Undergrad: 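Just dropping this structure here.
Note that the coordinates shown come from a computational prediction; the quantities given were computed from them, not determined experimentally.
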Amino acid sequence: MAAKISHADAEVGTGLPAQSFPVTRATLVRYAGASGDFNPIHWNERFAKEVGLPDVIAHGMFTMAEAIRVVTDWTGDPGAVVDYGVRFTKPVVVPDDDRGALIEVSGKVAVKNDDGTVRVDLTATSDGKKVLGMARATVRLA
């Protein structure tokens with residue numbers, strides 16, 4: 001698989017299609033099973049509140065994975081991601097209702113490198129709060 005976006009066509013400032021990712025308690029249970037991360041702050045409301053959280057929160061790695069989907073969907077090739085890093089700034093609080101939470105992600109090309117890569121800067125929010133900081137991916141384009 002190769003990136004469907006050409007390096008020649010990528011310009012600094014180019015916006016990637018924004019996406020929204022719903023997160024429910026059921027999503028967190030499935031992720032916990034897949035990842036092996038059964039920390040009770042991700043499924044037990046009483047425990048989460050006892051340790052000072054507002055409610056159950058999404059796994060940080062889950063949030064990070066959802067955010068990079070904006071990049072992988074744009075390139076058409078998950079293997080095009082050369083490097084990816086974030087800082088976790090706020091938790092994604094997931095209430096126990098039918099709606100859950102929403103992670104909203106946008107991105108733009110911030111740097112175009114001479115080696116065929118670009119740096120994409122991502123913005124990820126939930127409930128109006130920035131949940132990831134310094135979210136950046138280096139991507140090798142076609």
Undergrad: Do the non-hydrogen side-chain atoms of Val81 and Thr138 ever get within less than 4.5 Å of each other?
TA: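 When only atoms from C-beta onward are counted, Thr138 and Val81 do not touch, as no gap falls below 4.5 Å.
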
Undergrad: When clusters are formed by joining ILVMFWY residues with side-chain heavy atoms under 4.5 Å apart, either directly or through shared neighbours, do Phe21 and Val71 land in the same one?
TA: yes

Undergrad: If you look at every heavy atom in Pro95 and Asp55, which pair is closest and at what distance?
TA: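 What the structure gives for the nearest pair is CA-OD2, 3.9 Å.
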
Undergrad: Would you say the side-chain atoms of Asp115 and Thr117 include a donor-acceptor pair closer than 3.5 Å?
TA: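 There is such a pair between these side chains.
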
Undergrad: According to a hydrophobic-cluster definition based on side-chain heavy atoms being under 4.5 Å apart (Ile, Leu, Val, Met, Phe, Trp, Tyr only), do Leu28 and Phe88 belong together?
TA: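 Yes, same cluster.
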
Undergrad: Parallel, tilted or perpendicular for His59 and His42, by the 30°/60° rule?
TA: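 His59 and His42: parallel rings.
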
Undergrad: Treating Ile, Leu, Val, Met, Phe, Trp and Tyr as nodes and any side-chain heavy-atom pair under 4.5 angstrom as an edge, say whether Leu141 and Tyr84 lie in one connected cluster.
TA: yes

Undergrad: Just by modelled atom types, is the Leu102 backbone N or O under 3.5 Å from a matching donor or acceptor in the Ser126 side chain?
TA: yes

Undergrad: Any sub-3.5 Å donor-acceptor pair from Lys108's side-chain atoms to Asp121's backbone N or O?
TA: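 Side chain of Lys108 to backbone of Asp121, a donor-acceptor pair under 3.5 Å: no, none is there.
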
Undergrad: Looking only at non-hydrogen atoms, find the nearest pair between Val109 and Leu16 and report the distance.
TA: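 So the two residues come closest at N-CD1, 4.2 Å.
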
Undergrad: Regarding Asp98 and Arg25, does a basic nitrogen lie under 4.0 Å from an acidic carboxylate oxygen?
TA: no

Undergrad: Does Asp37 reach the main-chain N or O of Asn39 with its side chain, forming a donor-acceptor pair under 3.5 Å?
TA: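 Yes.
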
Undergrad: To the nearest 0.5 Å, what is the distance between CD on Glu50 and CD1 on Ile41?
TA: 13.0 Å

Undergrad: Quick check: is Val118 connected to Val86 through a chain of hydrophobic side chains (ILVMFWY, heavy atoms under 4.5 Å apart)?
TA: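 Both belong to a single hydrophobic cluster.
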
Undergrad: When you measure from the side chain of Lys112 to the backbone N and O of Arg119, does any donor-acceptor pair fall under 3.5 Å?
TA: no

Undergrad: Heavy atoms only: give me the nearest Val131-Pro91 pair and the separation to one decimal.
TA: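 Taking Val131 first and Pro91 second, the nearest heavy atoms are CG1-O, 4.0 Å.
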
Undergrad: Output the distance between atom CG (Leu132) and atom CE (Met64), rounded to the nearest 0.5 Å.
TA: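 That separation rounds to 8.0 Å.
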
Undergrad: Are Met61 and Val92 linked, directly or through intermediate hydrophobic residues, by side-chain heavy-atom contacts shorter than 4.5 Å (ILVMFWY only)?
TA: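 Looking at the clustering, Met61 is in the same group as Val92.
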
Undergrad: How close do Ile68 and Ala137 get, heavy atom to heavy atom, and via which atoms?
TA: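 That would be CD1-CB, 3.7 Å.
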
Undergrad: Any idea which heavy atoms bring Val70 and Pro17 closest together, and the distance?
TA: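 For Val70 versus Pro17, the nearest heavy atoms are CG1-O, 3.6 Å.
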
Undergrad: I would like to know whether Val120 and Trp74 meet side-chain contact (heavy atoms from CB on, under 4.5 Å); could you show each step before the answer?
TA: CA-CA 11 Å; Val120 175; Trp74 176 66; 4.1 Å; yes

Undergrad: Compare every heavy atom of Val105 with every heavy atom of Ala124, then report the nearest pair and how far apart it is.
TA: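 Closest pair (atom of Ala124, atom of Val105, distance): CB-CG2, 4.1 Å.
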
Undergrad: Hey, does the side chain of Thr24 reach the backbone of Thr27 with a donor-acceptor pair shorter than 3.5 angstrom?
TA: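 Between the backbone of Thr27 and the side chain of Thr24 there is a qualifying donor-acceptor contact (under 3.5 Å).
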
Undergrad: Taking Thr89 for the side chain and Lys130 for the main chain, is one N or O donor matched with an acceptor at less than 3.5 Å?
TA: yes

Undergrad: Does any part of the side chain of Ile103, heavy atoms only, come nearer than 4.5 Å to the side chain of Thr63, both counted from C-beta?
TA: yes

Undergrad: Can you tell me how far the CZ atom of Arg140 sits from the CG atom of Asn113, to the nearest 0.5 Å?
TA: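 Taking CZ in Arg140 and CG in Asn113, the distance rounds to 9.5 Å.
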
